[in-house]
Amino acid sequence: SVPLLLHYIFYRRVVSPGCSNFLLLGPSGAGKTALFSLLEAKTSHLSKRTSQLTHTSQTSTVATIALPPSIPTASNRYRSVNDPSLKEISRNPIKYRLKDTPGHGKLRESQGLSQLLLMSKSKEPNTRLRGVIFVVDTAALSEDEALRDTASYLHDVLLILQKRALNRGKSSSKLATEIPVLVAANKQDLFTALPPGSVREKLQAEIDRIRKTKSKGLMDAGAVDTEEDILGNDDGLDNFSFKLLEDEVGVTVDVIGGAVKEDNKEDLGSGVQKWEEWIGMCL
Ligand code: GDP
């Protein structure tokens, strides 16, 4: 019935915040903690009640974050500004859960990957992973070592999501959605920062090198049927691109620029707004 349906939508979208989980990943120094703290601070500004919901453990920090009411979601983007449900949203913002993984250097990365494995396998609606936010320091990427580090971490993240996607493809639930990745090209305020377009190209080219090396290693070792272990689910001989991954596996990667430090500025589209829009489209 209609009232029941409305109640269900209301309950899912407004009352129950635990359904949509996002995981923050990325190399150390990229700005994950800064982003996490900013979104948390903006949330307590929007509603004082949620400010004490941060939960810290040895392996992760979780906070319930409110989406600013001005940011559209996949379900309300076509509504007019006069829609009464939008008033309800500004009184009671749509929320999602964000998880940051503490630790340093390699430890942080292995913790991040194990969190990803755990969350991406979850079948519980409350712990199901809705999206991955992979934060990148775009001012550091012109250095070869930082680029290699960042790309190999992203490669491992995408391979986990690829394996999940291919496994699910074999089972019956083909219709369920894949977990998308936002590459948050952070620190665009710095004049040494690479623009998002070249961040995308550099990451694709470096990931291409990584998977060609891996593909050759597997072939030299005489392994057969290795495509699933190669990012892009092919023989690794063609050039890698995020488009290839989307076409072959269904996992999407968006590279979007922003700056945690610039979020107070009045400029539309600066700060973290475009990332919040990406999150909104997952909700
Ligand atoms: P994490 O290791 O990924 O958690 O990185 P942090 O959040 O600790 O950030 C690392 C450093 O980058 C800190 O000194 C932050 O203040 C700085 N930082 C984070 N975001 C930005 C940004 O958008 N612009 C600039 N210029 N610095 C930033």
Side-chain angles (χ1 to χ4, degrees), residues 21-45 54-65 68 71 96-116 119 129 131-143 145-158 160 181-200 202-203 206 253-279:
N21 291 281
F22 293 84
L23 182 61
L24 267 180
L25 298 174
S28 175
K32 294 181 295 297
T33 309
L35 176 60
F36 188 85
S37 314
L38 171 76
L39 294 176
E40 231 191 341
K42 287 172 79 168
T43 299
S44 31
H45 187 72
T54 303
H55 169 74
T56 309
S57 74
Q58 277 186 322
T59 51
S60 63
T61 311
V62 185
T64 302
I65 305 290
I71 305 279
Y96 57 93
R97 282 208 309 208
L98 187 63
K99 189 177 263 196
D100 189 14
T101 41
H104 289 287
K106 291 290 162 226
L107 178 70
R108 183 163 210 161
E109 295 183 13
S110 61
Q111 277 186 352
L113 289 175
S114 53
Q115 281 288 336
L116 175 64
M119 290 177 81
L129 189 60
V132 169
I133 302 169
F134 188 92
V135 186
V136 165
D137 178 349
T138 58
L141 282 193
S142 42
E143 289 159 30
E145 202 189 325
L147 177 63
R148 266 199 304 274
D149 261 13
T150 305
S152 76
Y153 191 5
L154 182 58
H155 169 273
D156 293 354
V157 168
L158 294 176
I160 288 175
V181 177
L182 165 66
V183 174
N186 191 28
K187 307 197 187 181
Q188 288 292 307
D189 57 304
L190 299 176
F191 81 100
T192 48
L194 292 174
S198 46
V199 168
R200 186 188 166 90
K202 275 187 178 276
L203 286 175
E206 191 58 36
V253 180
D254 290 305
V255 183
I256 302 176
V260 174
K261 284 244 164 115
E262 296 280 287
D263 200 60
N264 307 327
K265 303 275 165 68
E266 291 295 308
D267 276 338
L268 275 180
S270 77
V272 302
Q273 189 190 323
K274 288 190 187 138
W275 303 341
E276 291 178 315
E277 285 168 1
W278 184 90
I279 292 168

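Values in this document were obtained by computation on a predicted structure and should not be read as measured data. Counting starts at 1 for both ligands and their atoms, following the listed order.
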Give the atoms of ligand 1, by number and element, whose distance to some non-hydrogen atom of [X] is under 4.0 Å.
X	result
Ala259	23 (O)
Ala34	7 (O), 19 (C)
Lys32	1 (P), 3 (O), 4 (O), 5 (O), 7 (O)

N/O of Leu190 under 3.5 Å from N/O of ligand 1, yes or no?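 No, Leu190 has no N/O under 3.5 Å of an N/O on ligand 1.
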
Under 3.5 Å, is there a donor-acceptor pair between the side chain of [X] and the main chain of [Y]?
X	Y	answer
Glu262	Lys187	no
Thr138	Asn186	yes
Thr150	Leu147	no
Lys32	Phe134	no

First locate atom CG of Leu98, then atom CD1 of Ile279, and finally report the distance between them rounded to the nearest 0.5 Å.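 One finds 7.0 Å between CG of Leu98 and CD1 of Ile279.
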
With a cutoff of 4.0 Å, is Gly29 in contact with ligand 1, counting heavy atoms of the residue only?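 Checking ligand 1 against Gly29, which is what was asked, there is a heavy-atom contact under 4.0 Å.
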
With a cutoff of 4.0 Å, is Val135 in contact with ligand 1, counting heavy atoms of the residue only?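 Heavy atoms of Val135 never come under 4.0 Å of ligand 1.
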
Location of contacts on [X] toward ligand 1, heavy atoms closer than 4.0 Å:
X	answer
Val260	both
Pro27	backbone
Leu35	neither

Minimum side-chain heavy-atom gap Phe22-Leu182 below 4.5 Å: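 Answer no - side chains too far apart.
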
Looking only at the side chains, is there a donor atom on one of Gln111 and Gln115 sitting less than 3.5 Å from an acceptor on the other?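 Distance-only check fails for Gln111 and Gln115.
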
